[in-house]
Undergrad: 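Below is a structure I'd like to ask you about.
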Amino acid sequence: MPRLPSRARAALASLAALAPLLGLLAGCAGLEGLESEGKARDVKAPLALWPEYSPAPPTRADNPAARRPVPHLARIPSGSMAAADPLAVLDADITSGGAAAPAPKSVRRPVLRDLTDDGKPDLIMAVDLDPRTSELRVYSVQKQVVTRVLVLRGVLAGVELAAGHLVIREPTKDPRYVSVTDYTWDDGELGLWDLTLDDARTPQTPSPTPSRSPTSSPSPALTPGPVP
């Protein structure tokens with residue numbers, strides 16, 4: 001039998017000495033439950049379509065919170081929307097855009113609440129355009145002028161007021177959830193504060209009713225019904 005070179009004999013001796021340790025490590029791996037989970041999934045970056053294009057900045061007409069003075073209405077020195085006729089305000093605003101005034105039976109009960117944080121009530125109106133779609137409009141007195149500060153059209157699953165915030169709830173494709181849009185007065189505008197998803201609630205659970213005052217409506221939620 002040929003004799004191995006001294007370097008080869010030394011390597012074999014080292015492997016023989018390591019064999020017990022390798023067996024111990026293999027046993028530990030088995031005890032710890034380590035096992036292969038197969039080939040790692042390939043990670044791919046999102047594919048951007050038409051990256052060279054970007055939308056133009058929104059125009060004033062695209063902004064639902066763009067302030068717009070309502071024409072043909074008297075000034076209100078008190079600064080309170082409680083001094084205005086709700087239907088007259090709504091009709092003047094809608095007809096100034098070329099549309100016909102809504103039928104009184106399609107207009108929900110007006111709500112007076114302070115949304116602009118000036119201590120004076122603002123006016124919240126809703127018009128049911130059909131059995132599903134409605135339009136929400138909010139008015140405030142700005143420098144004695146009746147001004148529309150918000151207009152939204154959608155499926156109003158719920159409208160709530162909480163701590164100066166106007167919260168709009170709309171259904172999503174998943175019946176378990178609703179889209180919640182939160183508006184609040186900031187820097188002279190009733191702007192978007194937050195947009196989230198929430199569990200659907202049927203029927204709508206209203207917020208706790210605050211104490212009543214001469215300029216406040218009895219409920220913080222907008223409910224269907226004609227103007228009395």
Side-chain angles (χ1 to χ4, degrees), residues 60-61 63-129 134-154 156 158-169 181-194 206-228:
R60 182 176 178 83
N63 181 8
R67 295 192 299 177
R68 181 183 182 276
V70 180
H72 313 305
L73 292 176
R75 289 177 172 267
I76 302 180
S78 67
S80 170
M81 284 303 302
D85 179 347
L87 275 180
V89 171
L90 184 67
D91 289 352
D93 186 23
I94 293 177
T95 57
S96 67
K105 65 180 181 180
S106 68
V107 181
R108 302 189 190 184
R109 175 176 49 82
V111 176
L112 289 167
R113 282 291 189 277
D114 180 14
L115 293 175
T116 56
D117 200 28
D118 62 357
K120 299 175 182 179
D122 304 299
L123 176 64
I124 307 170
M125 301 286 289
V127 182
D128 295 321
L129 305 177
S134 303
E135 194 169 75
L136 182 74
R137 294 176 181 247
V138 181
Y139 302 94
S140 176
V141 179
Q142 302 289 305
K143 298 181 179 179
Q144 300 187 17
V145 177
V146 175
T147 305
R148 188 186 70 205
V149 295
L150 187 71
V151 57
L152 294 170
R153 178 175 294 192
L156 304 183
V159 182
E160 301 170 350
L161 299 171
H165 289 236
L166 178 65
V167 182
I168 315 297
R169 303 170 68 88
T181 310
D182 188 344
Y183 288 89
T184 188
W185 190 257
D186 182 42
D187 195 25
E189 182 177 270
L190 193 61
L192 178 64
W193 174 266
D194 198 12
S207 303
T209 303
S211 58
R212 299 178 63 177
S213 64
T215 58
S216 299
S217 60
S219 172
L222 295 184
T223 54
V227 176

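On a predicted model such as this, the values are computed, not experimentally measured, just so you know.
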Undergrad: If I compare all heavy atoms of S134 with all of D128, which pair ends up nearest, and what's the gap?
TA: OG-OD1, 2.7 Å

Undergrad: By the salt bridge (charged side-chain N to carboxylate O under 4.0 Å, His left out) test, which pairs, at least two apart or in different chains, include something from residues 86-101?
TA: R68-D93, D93-R137, D93-R148

Undergrad: State, with a plain yes or no, whether a side-chain heavy atom of D114 is found less than 4.5 Å away from one of T116.
TA: yes

Undergrad: Does K120 reach the side chain of S78, with side-chain heavy atoms less than 4.5 Å apart?
TA: no

Undergrad: Rounded to the nearest 0.5 Å, what separation is found between the CG atom of L115 and the CG atom of L190?
TA: 6.0 Å

Undergrad: Search all heavy atoms of P71 against all heavy atoms of A92 and return the closest pair with its distance.
TA: O-CB, 3.8 Å

Undergrad: Please name the pair of heavy atoms, one in T95 and one in A101, separated by the smallest distance, quoted to 0.1 Å.
TA: CG2-N, 3.7 Å

Undergrad: Taking all non-hydrogen atoms of both residues, which atom of E160 and which atom of R169 are closest, and how far apart?
TA: OE2-CD, 3.6 Å

Undergrad: Quick check: do T184 and D117 have side-chain heavy atoms less than 4.5 Å from each other?
TA: no

Undergrad: To the nearest 0.5 Å, how far apart are CG in D118 and CD in Q142?
TA: 7.5 Å

Undergrad: Taking side chain as C-beta onward, heavy atoms only, is Y139 less than 4.5 Å from T147?
TA: no

Undergrad: Can you check whether L166 reaches V159 side chain to side chain, under 4.5 Å on heavy atoms?
TA: yes

Undergrad: Could you tell me if the side chain of L123 sits less than 4.5 Å from the side chain of V138, heavy atoms only?
TA: no

Undergrad: Which atom names give the shortest non-hydrogen contact between A88 and L73, and what distance separates them?
TA: O-CD2, 4.1 Å

Undergrad: Quick one: does L136's side chain get under 4.5 Å of M125's, heavy atoms only?
TA: no

Undergrad: List for me each residue that meets side-chain contact (heavy atoms from CB on, under 4.5 Å) alongside V141, sequence neighbours excluded, and say none if there are none.
TA: I76, M81

Undergrad: Check step by step if side chain to side chain contact (heavy atoms under 4.5 Å, CB included) holds for R113 and D122.
TA: CA-CA 5 Å; R113 282 291 189 277; D122 304 299; over 6 Å; no

Undergrad: If I compare all heavy atoms of I94 with all of A100, which pair ends up nearest, and what's the gap?
TA: CG2-O, 3.4 Å

Undergrad: Looking at CD of E135 and CG of L152, how far apart are the two atoms once the value is rounded to the nearest 0.5 Å?
TA: 8.5 Å

Undergrad: Which value, rounded to the nearest 0.5 Å, describes the distance between R109 atom CZ and I124 atom CD1?
TA: 10.5 Å

